[in-house]
Amino acid sequence: MNKFLLSLIFCLISTAAINAQEFITDFLADEYTAGKIYEKPDVLSEYDFTSTDSVAIKLSTLETLSTRNKTLHDAQEIQLISKSNIYYKNQLIVKKGEIVSAKIETIIPSGMNGIPYYIYIGDFKFQNIDSSKLLYNYSKGGVNRMYWVLPLKWSLTFLPPTGSLTNFIKGGHAKITPKDTITVHYFPNWK
């Protein structure tokens with residue numbers, strides 16, 4: 001019981017000491033900024049932040065991308081193709097069959113305990129669209145084996161070495177085929 005009370009008192013004192021630091025001023029920052037005038041940052045006052053007009057652009061790859069291919073690497077440029085004509089306010093912005101370039105942003109290798117490979121694609125370049133008005137987040141992962149590896153690992157822990165052997169099971173390879181749809185959102189009213 002005494003150890004419990006000592007631990008409780010220690011926690012209370014350390015919490016009080018941490019909270020007391022909030023009231024101490026940062027004298028170096030105050031000394032550095034004393035007597036200086038700073039301009040306000042530019043604010044986009046004419047911009048309508050409630051505008052949610054967007055156009056979904058559906059793309060697919062020209063060839064299969066797989067992490068089994070050892071030549072696939074980060075920052076590699078890839079070619080995508082538009083699946084259909086895309087219109088915004090009756091104006092054609094992307095033609096069907098238009099070639100779009102993009103880059104493989106990151107390839108995350110598989111890990112122990114069934115963690116799969118992942119491929120992230122980004123940096124899309126369209127002919128008639130400003131890339132700062134695009135919102136994209138496309139990734140595809142391989143087979144995630146964690147859902148059966150971790151329960152297996154914990155069920156085998158009563159036999160000393162066998163539970164640790166499941167650490168060597170890796171996740172599956174990621175593969176993006178031309179059948180997969182990659183959706184990029186275009187926001188024409190963004191500034």
Side-chain angles (χ1 to χ4, degrees), residues 29 33 36-150 169-191:
T33 59
K36 294 186 179 177
I37 298 172
Y38 294 97
E39 294 180 22
K40 284 186 172 182
D42 291 337
V43 178
L44 296 172
S45 57
E46 71 280 352
Y47 182 68
D48 180 15
F49 288 97
T50 61
S51 174
T52 57
D53 283 348
S54 71
V55 179
I57 303 170
K58 298 195 184 299
L59 307 168
S60 63
T61 59
L62 290 174
E63 58 193 35
T64 299
L65 304 172
S66 175
T67 53
R68 288 187 192 273
N69 183 356
K70 298 302 179 192
T71 60
L72 201 66
H73 57 84
D74 292 352
Q76 178 178 340
E77 190 164 309
I78 59 171
Q79 301 296 315
L80 305 169
I81 189 166
S82 173
K83 287 186 161 190
S84 61
N85 288 330
I86 307 297
Y87 293 93
Y88 178 69
K89 292 188 177 177
N90 296 328
Q91 184 180 10
L92 181 68
I93 54 174
V94 178
K95 293 179 190 174
K96 180 179 182 178
E98 181 179 322
I99 302 296
V100 178
S101 67
K103 286 187 180 174
I104 297 176
E105 288 184 336
T106 308
I107 297 174
I108 299 177
S110 67
M112 297 172 79
N113 291 320
I115 298 173
Y117 277 92
Y118 278 93
I119 299 176
Y120 289 87
I121 296 178
D123 196 20
F124 293 89
K125 303 276 190 228
F126 290 86
Q127 292 176 2
N128 300 326
I129 298 176
D130 182 12
S131 61
S132 65
K133 296 182 179 186
L134 295 175
L135 182 65
Y136 50 84
N137 185 12
Y138 184 78
S139 66
K140 188 159 184 195
V143 176
N144 190 348
R145 297 186 178 120
M146 282 187 349
Y147 298 116
W148 63 267
V149 169
L150 293 179
I169 299 173
K170 292 197 165 204
H173 285 274
K175 184 172 159 182
I176 302 173
T177 65
K179 293 179 183 177
D180 295 331
T181 300
I182 300 169
T183 304
V184 176
H185 293 280
Y186 168 56
F187 291 84
N189 296 327
W190 281 5
K191 301 228 181 203

Shortest non-hydrogen contact from [X] toward [Y]:
X: Asn85; Y: Lys96; value: OD1-N, 2.6 Å
X: Ser60; Y: Pro178; value: CB-O, 3.3 Å
X: Ile108; Y: Tyr120; value: CD1-CE1, 3.5 Å
X: Glu77; Y: Ser101; value: OE2-CB, 3.7 Å
X: Ile121; Y: Ile78; value: CD1-CD1, 3.8 Å
X: Lys175; Y: Lys140; value: O-NZ, 3.1 Å

**Message:** Check whether Arg145 reaches the backbone of Pro116 with its side chain - one donor and one acceptor, N or O, closer than 3.5 Å.
**Reply:** no
**Message:** I'd like to know if the side chain of Asp74 and the backbone of Ile107 have a donor-acceptor N/O pair within less than 3.5 Å.
**Reply:** yes
Within a 6.0 Å radius of atom [atom1] on [X], are there more than 12 heavy atoms belonging to other residues, nucleotides or ligands?
X: Lys133; atom1: NZ; result: yes
X: Lys103; atom1: NZ; result: no
X: Gln79; atom1: CD; result: yes

**Asked** Going by heavy atoms in the side chains, are Val100 and Ile57 under 4.5 Å from each other?
**Response** no
**Prompt:** Does some side-chain heavy atom of Ile93 sit less than 4.5 Å from a side-chain heavy atom of Asn128?
**Reply:** no
**Message:** Show, in sequence, the C-alpha distance, side-chain angles and deciding distance for Asn113 and Leu150, and conclude whether the side chain to side chain contact (heavy atoms under 4.5 Å, CB included) test is met.
**Reply:** CA-CA 7 Å; Asn113 291 320; Leu150 293 179; 4.2 Å; yes
**Prompt:** Can Ile104 and His73 be said to form a side chain to side chain contact (heavy atoms under 4.5 Å, CB included), step by step?
**Reply:** CA-CA 7 Å; Ile104 297 176; His73 57 84; over 6 Å; no
**Complete:** When rounded to the nearest 0.5 Å, the distance separating NZ of Lys170 from OG of Ser110 is 4.5 Å
**Prompt:** Hey, what's the ring geometry for Tyr186 with Tyr88, parallel, tilted or perpendicular (30° and 60° as the breaks)?
**Reply:** perpendicular
**Request:** Start with the C-alpha gap between Tyr138 and Leu59, add the side-chain angles, then the distance that decides, and say whether side chain to side chain contact (heavy atoms under 4.5 Å, CB included) holds.
**Result:** CA-CA 11 Å; Tyr138 184 78; Leu59 307 168; over 6 Å; no
**Message:** Before you tell me yes or no, could you show the steps for Val184 and Leu135 under side chain to side chain contact (heavy atoms under 4.5 Å, CB included), namely the whole-Å CA-CA distance, both residues' side-chain angles and the distance that decides it to 0.1 Å?
**Reply:** CA-CA 6 Å; Val184 176; Leu135 182 65; over 6 Å; no
